[in-house]
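See structure below.
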Amino acid sequence: MKYISLSEIDWKQLESEVQEFWKKEDIFMRSQSSKSPGSDKEKESFVFYEGPPSANGIPGIHHIMGRSIKDAFCRYKTMQGYSVVRHAGWDTHGLPVELQVEKDLGIQKSDIGKTISVEDYNKKCREAVMRFRKEWENLTHQMGFWINMEKPYLTCDKNYIETVWWLVQTLYNKGLLYRGKTIQPYSPAAGTALSQHELNQPGCYKSVKDISIIVQFQRKEKHNEYLLAWTTTPWTLSSNQALAVHKDIPYLRVKTQNPYTQKDIQVYLAESTLPGLFSSVQDYEIIEKIQGKDMVGWEYEPLFSYVPIPKPSFLIVEDDFVSTEEGTGIVHIAPTFGADDARIGKKYGLSGVYVKDDQGEQIPLVDKMGRFVEEVKDFAGRYVKDFGFSEPEKESTDLSIALHLKKQGKAFKIEKHNHSYPHCWRTDKPILYYPVTSWFLKTTQLKKELSQLNKEIHWHPPQVGKGRFGNWLENLQDWNLSRTRFWGSPLPIWMTEDQQEILCIGSYEELKQEVHKSVQAGWQAQELPHDFDPHRPYVDELILCSPKGKPMYREQEVLDVWFDSGAMPYAQWHYPFENSESFEKNFPADFIAEGIDQTRGWFFTLHALSSLLWKKISFKNVVVNGLVLDKKGNKMSKRWGNTVDPLETLKTYGADPTRWYLMGQVSPGENVKFDAEQLHIVQRSFFGTLQHVFNFFMLYAEIDAFYYSRSQTLPVDEREIIDQWLISRLQRLIAEVTRAYENYLIHQVIQQIQSFVLDDLSNWYIRLNRKRFWQGQKNEYKYAAYQSLYECLKALTAIMAPIAPFLTEKMYDALRSPEDAPSVHLIPFPKANNTWVQEDLNKNMRLVQKICSLGHALRKKHQIKVRQPLSALSVPASDPIYNPLFENKALSELILSELNVKEIRREPHVQQVVKPHFQQIGKGPHRKWMKDIKAYLESHPSAPNPEKGIHIPIPKQKKNLFLPPEELIIHTLFPPGHQHISEANLSVALDFRLSSDLLKEGWAREFVNRIQHLRKKQNLDVDDKIHLYIQEHPQIASVWTSMEEYIRRETQALKYSFEKELENPFCLDIEKTRVSVRIEKLSP
RNA sequence: GGGCUUGUAGCUCAGGUGGUUAGAGCGCUACACUGAUAAUGUAGAGGUCCGUGGUUCGAGUCCACGCAAGCCCA
């Protein structure tokens, strides 16, 4: 053992010392070794996947949370004897990177390829990707997350991309890839379509105030009859092609006035929307009631006529999605700008309203920048929503359209409307639903398999898997794989211009051959160089040759970044091109852990790819952590300025307390409200107490030169009862903690360790056994205490090591024997020894603790200090619950010293009140008579000798029921004169009569106490001897005769003298008497 | 509109399989201890366990319907 003190713990220094040690001794690599230490036995592997973070943003406090969980279980499994290989990875592609580069360069998407070449742009992206890699690595290092960062997998790595291509090809060959035009969420600000996962980023849906209009559509050939349709997106009105009603909803034709023009008109609307639209019944007159289905097929006049719109158009259709919750029950349909609209359009053969742009491409009436095309002459060039490109105009485009319609008498009602509208997760600008040509993965085709396989995954907590993830799978849409961006894994698909021939490339070798063919055909000038970069723009320049000899061009799109991360199990090994064995050994993962925000992100893409490819799961256990919110429960965001700097937190509070706090605060999956004050409490109360216990041990172990040796251990059953109890509790703790770890319930691990350290170890064992450590002689009694505390501390370091790797390493290093492994992270996780578990002893000790607590309460109530000895504690004589106190002297002695009483007495004259023990009865055969038992005992609460059981008459059965004592709760009342207190089924009384002997003893203890104070004040060492000078006083004289030995022993007064007058005396006020004393240190 | 989660002391949160006195920490009040001491302990006050019904001898716990908040999706 090395004797160290942690009294003033400097976390920063402790951490750097431990880090240095880990580095010097290569502990992390050694812990990952595939062989068990000291043997050739191959360890079983426990597979962990690290979800790749993107290093182009600064890490936040929530990353400590997620990474702590990963680290804790990996360390735990290592200690359980598994080989846990941990590879870091980085997500390098994608929109966040591109947007940051655009911001840095002050450009927009449309500038790429014009003011900056794609080549230079991607170069910038590559540089930006790892911008905060240092910060990430720093955080990872500081918090003690063990992961191999030296050779991380990078999603932009050439080999990584080759695997991604291979995966795409495999899916393509299975017929799961298709090209289609769909209405997609599209962000004009970012210049790209967004995937479902992107739209599912938290905070995308925002409550906004938009203009809503109820528009009058003139019914064809019906003068003055209008259809009222409501929309919150006026900018889509110029693309209107139909109006939808619900076939089963009743509609009305009413006579009313246009509120703006005061013109008399007749309008159609759903019956149930009438009250919402008109404040008074005088405002309208019902003319006709008609079912929705009878309106289908009616025609109406177009609202605008900017572009010719092919038939069929401008007619009423029906669909179930129409509701009357809001609006008029008649819904405006613009198939180019809404998913439902597009679906209805398809159903009725509506073409959609398109024009050709200057490149001859078919686009809707709004261009990709979000502006109206020229053809919409009244609003040409105006942004349909605020995408942040220009100064906000005086009025929104929606309002301009509304006013335009109002002027023409076509607006019935214009309002501001609050609703929730999706926004781009990166630019924060509104998205549009926009027709986009994309490549899709047919995830819907394998929906059932996905759900079925999901049941094999163990989710922690389970409801995330069953609920959130399960529901998501059941409502699955096809996965839009392609992005019209630049920095990403390119889509390996080449097509002929007529789109008739398609080639999907699955390896670089294949590409090389295709290029070779193309060179021979004359479409391509050069062979594929060996060191080619698969990124854009280089890959775009490769023209391949179709089987029919036509040139093929690459689809100029890149893959959704989520595909990259989902490909990680395969691509990190460059499977199937190399490392097949490694891949197979490491698939699927035994364990992954990420935040709940990954439900539809990484969790989904991992699951989707492995399910689609092989009908297998890719991870067996997943621990999902909640969000880290600020202390008020608000989301952390830079904009609100309520983010918490993770490095600063680690620096201030230490890595171990931070990890302990973040993982121990809430049940799994719950959001943590991060509160520095709470973290401080964890640091102070838990870690502080643990340090004190440790220091206490170290202090005396050093004085006594205690040295733990396995060969000299004192058998547990030969130690004191309280030692046996401590060891027994420890075994229970180890068993419970192991179970919690195995079930991925980290917060239970923490809570159990915490309550053991605070309640059992510190507040009971140490408090009661302090004297054993500082008493003079070295004997077995003392040795047993050292040994028990030692074993306890050593086991604690092991079971805490996965969570608090630094402090435990330091403590372990101080405690370990030379034959032990050098690091706590290399030792096997402790196993509970059941032969040391003594359930009875645990129970009895609880009884002792309870009695002491009651005794303290009683003393407090009567204002009698613990220092004043009392003659006796009484317990009911006949109750067997107190038997252990009389059978086991060690237990009663604990009570005697803790409560400072001379004896424990049995009091025979008590009255007993009996209640049923419902929990016990409910388990047994008497359950069905519960009502009768309850009724009887309520009217007959006192019974003679209830501890032997009682008979209860059951009137219905005309018989007596015998209730054994364990089915009863017995309350005891002491006879008058006793000062007693009861709790649950315990009752104790204290005798507060003070004899003169007791008073003298009490006085002597006070006196000793004051002398000890003086010793300390004069900086005497614990074992310094003194000469005690006392001024003569009748009180001291009367006490001295009986208490001399006690006083001299406690104060270590080898010499003493009574004097008439003292020089430089100290005045001690004890119980209304004043004595003067002086002490002098004796030279040894 | 749908899904999931949450609702327990002033605050932050625990409370397998239902059991009659619902816990912890912090905060507050009072006190004690004094060689673990820049530490520690004890006690007190503080609760309609969101509401309403139901199942049951018995519901914080199970069921149903609500209410509120958060997240996600239409």
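Within every chain, numbering begins at 1; the chains are lettered A, B, ... in the order of the sequence lines, protein sequences first and strands thereafter.
With hydrogens and angles ignored, the 3.5 Å screen pairs a side-chain donor or acceptor of A/Gln598 with a backbone N or O of A/Trp602. No side-chain donor-acceptor contact under 3.5 Å links A/Glu967 to the backbone of A/Ile921. Side-chain atoms of A/Thr1051 come within 3.5 Å of backbone atoms of A/Ile1047 as a donor-acceptor pair (strictly under, hydrogens ignored).
Searching all strands for a Watson-Crick or G-U wobble partner of B/C71 with both distances below 3.5 Å returns B/G3. Searching all strands for a Watson-Crick or G-U wobble partner of B/G41 with both distances below 3.5 Å returns B/C31. Judged by Watson-Crick or G-U wobble contacts below 3.5 Å, the nucleotide B/A64 has B/U52 as its partner. Base pairing of B/U17: no nucleotide in any strand meets the Watson-Crick or G-U wobble criterion (both distances under 3.5 Å).
Residue A/Glu670 is classed as a sugar-phosphate contact, given heavy-atom separations below 4.0 Å to backbone atoms only. Using a 4.0 Å heavy-atom distance criterion, A/Arg1015 is classed as a base contact. The residue A/Phe694 sits apart from the nucleic acid: no heavy atom pair falls under 4.0 Å.
An OP1 or OP2 oxygen of B/A24 is reached within less than 4.0 angstrom by no side-chain nitrogen or oxygen of A/Ser755. Between A/Asn471 and the phosphate of B/C4, there is no side-chain N or O to OP1/OP2 separation shorter than 4.0 Å. Side-chain N/O atoms of A/Ser667 include one lying less than 4.0 angstrom from OP1 or OP2 on B/A14.
A/Thr689 contributes no side-chain N or O that forms a donor-acceptor pair with the base of B/A39 under 3.5 Å. The base of B/G35 has none of its N or O atoms less than 3.5 Å from a complementary donor or acceptor on the side chain of A/Arg770.
Contact check on A/Lys782 versus A/Asp704 returns a salt bridge, with a Lys/Arg side-chain nitrogen under 4.0 Å from an Asp/Glu carboxylate oxygen. Note on A/Arg732 versus A/Glu736: salt bridge recorded, some NZ/NE/NH1/NH2 to OD/OE distance being below 4.0 Å. With respect to A/Lys865 and A/Glu1006, a salt bridge is recorded, a charged nitrogen being found less than 4.0 Å from a carboxylate O.
Taking every side-chain heavy atom of A/Ser853 into account, B/A43 is the closest of B/A43, B/C4, B/C33. Nearest to the side chain of A/Val866, among B/A32, B/U42, B/A39, sits B/A32.
At whole-Å resolution of the value, CD1 in A/Ile933 and C1' in B/U20 are 14 Å apart. At whole-Å resolution of the value, NZ in A/Lys850 and C1' in B/U42 are 12 Å apart.
Residue pairs meeting the side-chain hydrogen bond (donor to acceptor under 3.5 Å, both in side chains) criterion with at least one partner in residues 742-761 of chain A, sequence neighbours excluded, are A/Tyr76-A/Glu742, A/Lys77-A/Glu742, A/Trp660-A/Gln754, A/Arg729-A/Asp760.
Both geometric conditions, a ring-centre gap below 5.5 Å and a plane tilt below 30°, are not fulfilled together for A/Phe918 over the base of B/C57.
Both A/Lys631 and A/Tyr700 sit near RNA chain B, but only A/Lys631 has its closest nucleotide nearer the 5' end.
On the C1' atoms, B/U61 is 14 Å away from B/A14, given to the nearest whole Å. For the P atom pair drawn from B/G46 and B/G41, the interatomic distance equals 24 Å after rounding to whole Å.
Evaluation of the salt bridge (charged side-chain N to carboxylate O under 4.0 Å, His left out) rule for A/Glu670 yields no partner, not counting sequence neighbours.
At a non-hydrogen distance threshold of 4.0 Å, A/Lys673, A/Ile681 from residues 671-686 of chain A come into contact with RNA chain B.
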